J.: 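Structure below; questions to follow.
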Amino acid sequence: MTIDAKRPAKPVVAPPPSSRRPGVPIHLPPPGSRPPNSERTNPSGPGFAWILAPHPGRVRGAGLGQGGILGRADDAVLRLDAPGVAPHHARVELAPREGLPPEIMVTDLGTTSGIYVSGMRAQRTVLADGDLLRVGGAIALVVDKDIGTYDGSVIDEGGLVRGPRSRKGWFAALEKALELPREARRVVVRGPAGSGRHTIARRLAEGWGGTVAELSAEDEDAVLSAAARGTAIVNGIEGLTPDKQVALARQIERRKGLVLVVIVESAADAPTAGLAPELAAVLGTTITLPSIEQRREEIPSLVRVRFEKSGVAGNRLSIELYEALTRAAWPGEIRELVETVDQIAAAHPSEPRLGPEHLVRGLSRRGGRAAPKPAAAESPSDEARIRGALETAKGSVAAAARALHMSRQALYREAARLGIDIRRATGAVAEGEGEP
């Protein structure tokens, strides 16, 4: 696969009729109107993080610069050489906005395979940060800034799948912690339940050597004894009262050389909650695992690795299945994703091609981590959630989208599916605000 952004060396011409639907015109800007390559490609600006083009294993960040034609032709400004991509497949336009990242507009240039945005076919639409764009046999994550941080390989090492951003973040912190001298081996591993905290804790404990004991923080004496002999992996410490946490902090401070890995569950929106300041100070190093929502570029590689471990070759996985798994919400984090993949593999051991239709259960739509489920009668409908978010946001679509953990365009599409008139809903809220 080749992805690049370059100035065309020859005049741009329309593709042959076979690459697009007959009778659909294509309009390309004259080559002289395009700025030099250095101006069009900005790795710190918006772009496409190609996470599947055509196979996972490397995330390729392609800066959009000022936009251009996306396709596999040599004269395409945003070149993508992947199966199912037409020579001139789509036009990407960027409209500047004061104080905000530019608005990204994508238009299908009459191709038979089309373009899909977050699972829905589109002719012309605005792309928002976090949207998933499918072009032929390639899938990109839309990034509104800092696209350069996405570029690099996605690697599986001993069950830990990490991409370029993770290597600069939590994995770099893990490697640094492994090199700590014994007297400083006290580490907090934070993250949502199911995000891989226990895997990281065991990796630390094994890397440091010695006996490993997994204990509850309630048994303080056992924790301190195990920490003195080898490594204690401690769960539930954030559940202790503040007084007990302070008392434990004093014990740790007095007894030098204790080796502790403390696992703390923390939501993505409250990564520092749970520990008393005195205890956090003596524990020292912190490794914070982001939720799977914050590292979706790693999902295709994680999916492929897990299927292969279950005996399913990568060539049996359809791009539609990759897309469905990547764009879904995962309230149970990586643990839930892995369980879903294992269920598909077990239920369809001989199916030649696996797609979304082979899912053992339905997938949640994106929308952030789910809170513990209330009784069925109390569970709000999707329509109620959206209307409630719009009301709380006082009619601001952007604020409602942020509260629902989805892009503005995804909110518009979901509202249309549910029959909610966004303009009428936001207008009604605005009128209500003006009433006495």
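The shown structure was predicted, so the numbers you read here are calculated from the model rather than taken from an experiment. Heads up: numbering here begins at 1 and tracks the sequence.
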J.: Salt bridge check, D151 against R58: does any charged N sit closer than 4.0 Å to a carboxylate O?
T.: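 Salt bridge flag = yes for D151 with R58.
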J.: Main chain of S118, side chain of R327: is a donor-acceptor contact present, judged purely on distance under 3.5 Å?
T.: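 Looks like yes, one N/O pair under 3.5 Å.
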J.: Does R165 count as lying over the ring of Y150, i.e. NZ or CZ under 6.0 Å from the six-ring centre, within 45 degrees of the axis?
T.: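 Positive - R165 is close enough to the ring of Y150 and near enough to its axis.
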J.: Which of these, D146, L94, V143, sits in a side chain to side chain contact (heavy atoms under 4.5 Å, CB included) with P46?
T.: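 Among the candidates, only L94 passes.
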J.: Got R296 and L132 here, is their nearest side-chain heavy-atom distance under 4.5 Å?
T.: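 They are in contact (side-chain heavy atoms under 4.5 Å apart), so the answer is yes.
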J.: Distance only, no hydrogens: is a donor on one side chain within 3.5 Å (strictly under) of an acceptor on the other, for D219 and S216?
T.: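 There is no such pair between these side chains.
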J.: Do E175 and R167 sit within salt-bridge range, that is, some charged N less than 4.0 Å from a carboxylate O?
T.: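 Between R167 and E175 there is no salt bridge, as every charged N stays at least 4.0 Å from the carboxylate O atoms.
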J.: Got a salt bridge between R250 and E253, using NZ or NE/NH1/NH2 to carboxylate O under 4.0 Å?
T.: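 Salt bridge between R250 and E253, a charged N being under 4.0 Å from a carboxylate O: no.
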J.: What closest approach, in Å, do A90 and V106 show between heavy atoms, and which atom pair accounts for it?
T.: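 In terms of heavy atoms, the two residues are closest at CB-CG2, 4.0 Å.
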J.: Report the C-alpha distance between V212 and R202 in whole Å, list the side-chain angles of each, state the deciding distance to 0.1 Å, and finish with yes or no for side chain to side chain contact (heavy atoms under 4.5 Å, CB included).
T.: CA-CA 8 Å; V212 178; R202 285 191 293 270; 5.9 Å; no
J.: Would you say V187 and T286 make side-chain contact, with heavy atoms under 4.5 Å?
T.: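 Result no, sub-4.5 Å side-chain heavy-atom pair not found.
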J.: I'd like to know if E339 and R335 make a salt bridge, using a cut-off of under 4.0 Å between side-chain N and carboxylate O.
T.: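 Not counted as a salt bridge, because no side-chain N and carboxylate O are separated by less than 4.0 Å.
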J.: Salt bridge (Lys or Arg N to Asp or Glu O under 4.0 Å) with E320: which residues, sequence neighbours excluded?
T.: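 Listed in chain order: R134.
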J.: Within the structure provided, determine whether I344 and L354 are in side-chain contact (heavy-atom separation under 4.5 Å).
T.: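 In contact.
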J.: Does atom NZ (K176) have a neighbourhood of more than 12 heavy atoms from anything else shown, all under 6.0 Å?
T.: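 At most 12 heavy atoms, drawn from other residues, nucleotides or ligands, come within 6.0 Å of this atom.
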J.: Answer whether the closest heavy-atom distance between the side chains of D156 and E308 falls below 4.5 Å.
T.: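 Side chain of D156 against side chain of E308, heavy atoms only: no contact under 4.5 Å found.
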J.: Taking P192's backbone N and O only, do any of them form a donor-acceptor pair with E265's side chain (distance below 3.5 Å, no angle check)?
T.: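 Answer holds: no.
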J.: If the threshold is 4.0 Å, N to carboxylate O, is there a salt bridge linking R124 and E93?
T.: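 Looking at E93 together with R124, the answer is yes, because their closest N to O distance falls below 4.0 Å.
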J.: Quick check: do L64 and F48 have side-chain heavy atoms less than 4.5 Å from each other?
T.: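 In short, these two side chains touch, coming nearer than 4.5 Å.
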J.: Could you check whether any side-chain heavy atom of L279 comes within less than 4.5 Å of a side-chain heavy atom of I252, counting everything from C-beta outward?
T.: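 Side chain of L279 against side chain of I252, heavy atoms only: contact under 4.5 Å found.
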J.: Is there a donor-acceptor pair closer than 3.5 Å between any side-chain N or O of D129 and the backbone N or O of D144?
T.: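 It does hold such a pair.
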J.: For residues 240-249, which side-chain donor-acceptor pairs fall under 3.5 Å, sequence neighbours excluded?
T.:
{"residue": "T241", "atom": "OG1", "partner": "K244", "partner atom": "N", "Å": "3.3"}
{"residue": "Q245", "atom": "OE1", "partner": "A276", "partner atom": "N", "Å": "2.6"}
{"residue": "Q245", "atom": "NE2", "partner": "I237", "partner atom": "O", "Å": "3.4"}
{"residue": "Q245", "atom": "NE2", "partner": "L240", "partner atom": "O", "Å": "3.2"}
{"residue": "Q245", "atom": "NE2", "partner": "G274", "partner atom": "O", "Å": "3.3"}

J.: Scan side-chain atoms only and decide if H198 and N235 contain a donor-acceptor pair under the 3.5 Å cut-off.
T.: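 Yes, a side-chain donor-acceptor pair sits under 3.5 Å.
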J.: Hydrogens and angles aside, do T107 and Q123 bring a side-chain donor and acceptor to less than 3.5 Å of each other?
T.: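 Note: T107 and Q123 side chains miss the donor-acceptor criterion.
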J.: Is a side-chain donor-acceptor pair under 3.5 Å present for T199 with R203?
T.: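 The criterion, which ignores hydrogens and geometry beyond distance, is not satisfied for T199 and R203.
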J.: Assess the residue pair I200 and W170 against the criterion (side chain to side chain contact (heavy atoms under 4.5 Å, CB included)); give the C-alpha distance rounded to whole Å, side-chain angles, the decisive distance to 0.1 Å, and a yes or no.
T.: CA-CA 10 Å; I200 297 299; W170 64 264; 3.4 Å; yes
J.: Please check if the side chain of R353 supplies one atom and the backbone of N315 the other of a donor-acceptor pair under 3.5 Å.
T.: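 Such a contact is found between R353 side chain and N315 backbone.
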J.: Just by distance, do the side chain of W330 and the backbone of L325 share a donor-acceptor pair under 3.5 Å?
T.: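 It does hold such a pair.
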J.: Under 4.0 Å between a Lys/Arg side-chain N and an Asp/Glu carboxylate O for R387 and E383?
T.: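 Here R387 pairs with E383 in a salt bridge, since their nearest N and O are under 4.0 Å apart.
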J.: Are V360 and T340 packed together at the side-chain level, in the sense that at least one heavy-atom pair is separated by less than 4.5 angstrom?
T.: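 No, too far: nothing below the 4.5 Å cut-off.
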J.: Is there a side-chain contact between L289 and R197 (heavy atoms, below 4.5 Å)?
T.: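 Yes - at least one pair of side-chain heavy atoms lies under 4.5 Å apart.
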